[in-house]
Amino acid sequence: MPELPEVETVVAGLRREAVGRWIESVEILRDQHLHPSGAALAEGLTGRLLTDARRWGKIWMLDTDDGQTVVGHLRMSGQLRVHPLDEPRRDHVHLVATLSDGHELRWRDVRRFGWMHLVPTAEALDLPVFANLGPDALAMAEDEFVAALRGSRRGLKALLLGQDVIAGLGNIYVDEALFRSRLHPRLAGGRLGLARARRLYGEIRAVLDEAIAARGTSISQSYRGVDGRRGAYQEQLQIYGRGGQACLVCGRELLSAQVAGRTTVWCPGCQPRR
DNA sequence: GTCGATGTTATCAA
DNA sequence: TTTGATAACATCGA
């Protein structure tokens with residue numbers, strides 16, 4: 001579910017609604033995917049002040065006043081929400097932190113692919129998940145992006161989806177960026193040339209900026225902000241989820257197929273293979 | 001009831 | 001090096 005714009009929106013929500021509060025207690029409802037363990041998270045966080053929330057790619061982090069950091073990934077269906085204490089808990093809530101302002105921070109994850117680690121802040125970036133993580137998509141410089149594409153024989157869809165070259169893009173925003181750049185998803189990155197690589201870089205930035213401004217994309221149930229609000233970017237999607245429909249630019253029927261293991265939509269007119 | 005698909009990614013085979 | 005299949009899991013819609 002959440003890609004960079006959604007995680008960015010969640011982190012902004014955590015700053016607004018969780019940072020600056022003390023954690024009074026932590027309740028573990030399901031121990032799975034908590035590291036080193038649910039008990040260690042509860043023990044380490046109880047009585048701590050939340051001092052900051054941040055993000056690298058799709059990974060979120062919450063810092064405490066005593067030099068610890070919770071590092072987490074929402075994967076497909078994770079949500080971080082803040083609720084009043086008396087609001088009923090829904091199914092699939094796995095961890096609850098009671099905050100000093102009468103609210104609860106709840107981690108909910110229906111499909112249970114997500115995870116959290118509690119580590120010393122100074123060691124957070126030593127976690128294996130960061131070992132092959134590329135620069136954050138919003139922090140990456142244009143020349144760095146161009147250089148990364150240049151040597152690659154991977155297709156663009158696989159290349160942008162992989163978090164090793166650029167971190168934060170997922171299935172929605174890769175398809176949107178490729179469509180806006182008029183590039184075929186199977187075209188090898190190394191065959192772009194300077195002008196088209198720059199164009200792609202610019203369109204990635206643009207689509208991410210627009211999606212953040214819209215507070216992310218909410219399709220079906222899954223994605224919500226910390227305050228429970230849906231994003232609005234689903235109303236601005238130009239290609240994702242539109243396979244079989246008419247291209248908004250040229251009117252041709254949009255194609256849909258598995259590329260790099262994910263359903264991919266592109267326009268045979270606007271995004272020629274060539 | 002069954003099948004296929006869902007915003008992610010680690011791992012293994014070819 | 002890169003791709004594809006598979007697995008983790010629950011839910012929804014056809």
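Excluded from the calculations below are hydrogen atoms, water molecules and symmetry mates; all remaining heavy atoms, backbone and side chain alike, are included. What you are looking at is a predicted structure, and each value in this text was computed from that prediction instead of being measured.
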Self-check item: Distance, rounded to the nearest Å, where A:Trp60 contributes CH2 and B:dT8 contributes C1'
Solution: 16 Å
Quiz prompt | Distance test, side-chain N/O of A:His73 to OP1/OP2 of B:dT9, below 4.0 Å | solution = yes
Quiz prompt | B:dT8 phosphate, OP1 or OP2, under 4.0 Å from A:Lys58 side-chain N/O | solution = yes
Quiz prompt | Distance-only donor-acceptor test (3.5 Å): side chain A:Ser220, base B:dG7 | solution = yes
Practice problem: May I ask you to check whether A:Trp56 and A:Phe130 place their ring centers less than 6.0 Å from one another? | Solution: yes
Quiz item: What integer distance in Å separates A:Asp109:CG from C:dA10:C1'?
Solution: 10 Å
Self-check item: P-based separation of C:dA5 from B:dG4 [nearest Å]
Solution: 14 Å
Quiz prompt | Nearest-angstrom distance from the residue atom CD of A:Gln79 to P of B:dT6 | solution = 19 Å
Exercise. Could you tell me the separation between the CG atom of A:Leu159 and the C1' atom of C:dT2, rounded to a whole number of Å?
Key: 11 Å
Exercise. Under 4.0 Å between any heavy atoms, over every strand shown, what does A:Thr217 touch: base, sugar-phosphate, or nothing? Just pick one.
Key: base
Quiz item: Taking the inter-plane angle between the rings of A:Tyr201 and A:Phe145 on a 0 to 90° scale, is it parallel (under 30°), tilted (30 to 60°) or perpendicular (over 60°)?
Solution: tilted
Practice problem: Describe the nucleic acid contact of A:Gln163 in one word from base, sugar-phosphate, nothing, applying a heavy-atom distance below 4.0 Å. | Solution: sugar-phosphate
Exercise. Under a 3.5 Å limit for both distances, which nucleotide forms a Watson-Crick or G-U wobble pair with B:dG7, could you say?
Key: none
Self-check item: Gap between atom CD of A:Gln163 and atom CD1 of A:Ile59 - 0.5 Å precision
Solution: 8.0 Å
Quiz item: Hey, is A:Tyr223 doing a stacking thing with B:dG7, by the 5.5 Å centroid and 30° angle criteria?
Solution: no
Exercise. Flag yes if A:Leu14 and A:Val26 sit in one hydrophobic cluster, no otherwise; membership is Ile, Leu, Val, Met, Phe, Trp, Tyr, and two members link when side-chain heavy atoms are under 4.5 Å apart.
Key: yes
Quiz item: A:Arg186 side chain: which of C:dG4, C:dA10, B:dT8 is closest?
Solution: C:dG4
Quiz item: In whole Å, what is the span from the CH2 atom of A:Trp115 to the C1' atom of C:dC9?
Solution: 18 Å
Quiz item: Can you tell me if the side-chain N/O atoms of A:Ser77 get under 4.0 Å from OP1 or OP2 in C:dA10?
Solution: no
Exercise. For residues A:Arg16 and A:Asp227, determine if any side-chain heavy atom of one lies less than 4.5 Å from a side-chain heavy atom of the other.
Key: yes
Quiz item: What nucleic acid atoms does A:Gly261 come within less than 4.0 Å of, heavy atoms only: base, sugar-phosphate, or nothing?
Solution: nothing
Quiz item: Using the P atom in both, what is the distance from C:dG4 to B:dT6, to the nearest Å?
Solution: 16 Å
Exercise. Report yes if the distance between the aromatic ring centroids of A:His184 and A:Trp266 is under 6.0 Å, otherwise no.
Key: yes
Exercise. Between C:dG4, B:dT9, C:dT2, spot the one nearest the side chain of A:Arg153, thanks.
Key: C:dT2
Self-check item: OP1 or OP2 of C:dT1 under 4.0 Å from side-chain N/O of A:Arg154
Solution: no
Practice problem: Would you indicate, yes or no, if C:dT11 has its OP1 or OP2 atom less than 4.0 angstrom from a side-chain nitrogen or oxygen of A:Arg111? | Solution: no
Practice problem: Send over the distance from A:Asn132 CG to B:dA10 C1', rounded to a whole Å. | Solution: 11 Å
Quiz item: Between B:dT9, C:dT2, C:dT11, which one does the side chain of A:His92 approach most closely?
Solution: C:dT11
Exercise. Verify the contact: side-chain N or O of A:Arg262 to OP1 or OP2 of B:dG7, cut-off strictly under 4.0 Å; return yes or no.
Key: yes
Quiz item: From the list C:dA10, B:dG7, C:dT3, which nucleotide is the closest neighbour of the side chain of A:Ala158?
Solution: C:dT3
Quiz prompt | Heavy-atom pair of closest approach, residues A:Val174 and A:Leu160 | solution = CG2-CB, 3.7 Å
Exercise. Would you indicate what A:Gly216 reaches in the nucleic acid, counting non-hydrogen atoms under 4.0 angstrom: base, sugar-phosphate, or nothing?
Key: nothing
Exercise. Write down the distance between CD1 (A:Ile219) and P (B:dT8), rounded to a whole number of angstrom.
Key: 10 Å
Quiz item: Taking CG from A:Leu161 and C1' from B:dT8, how many angstroms apart are they, rounded to a whole number?
Solution: 9 Å
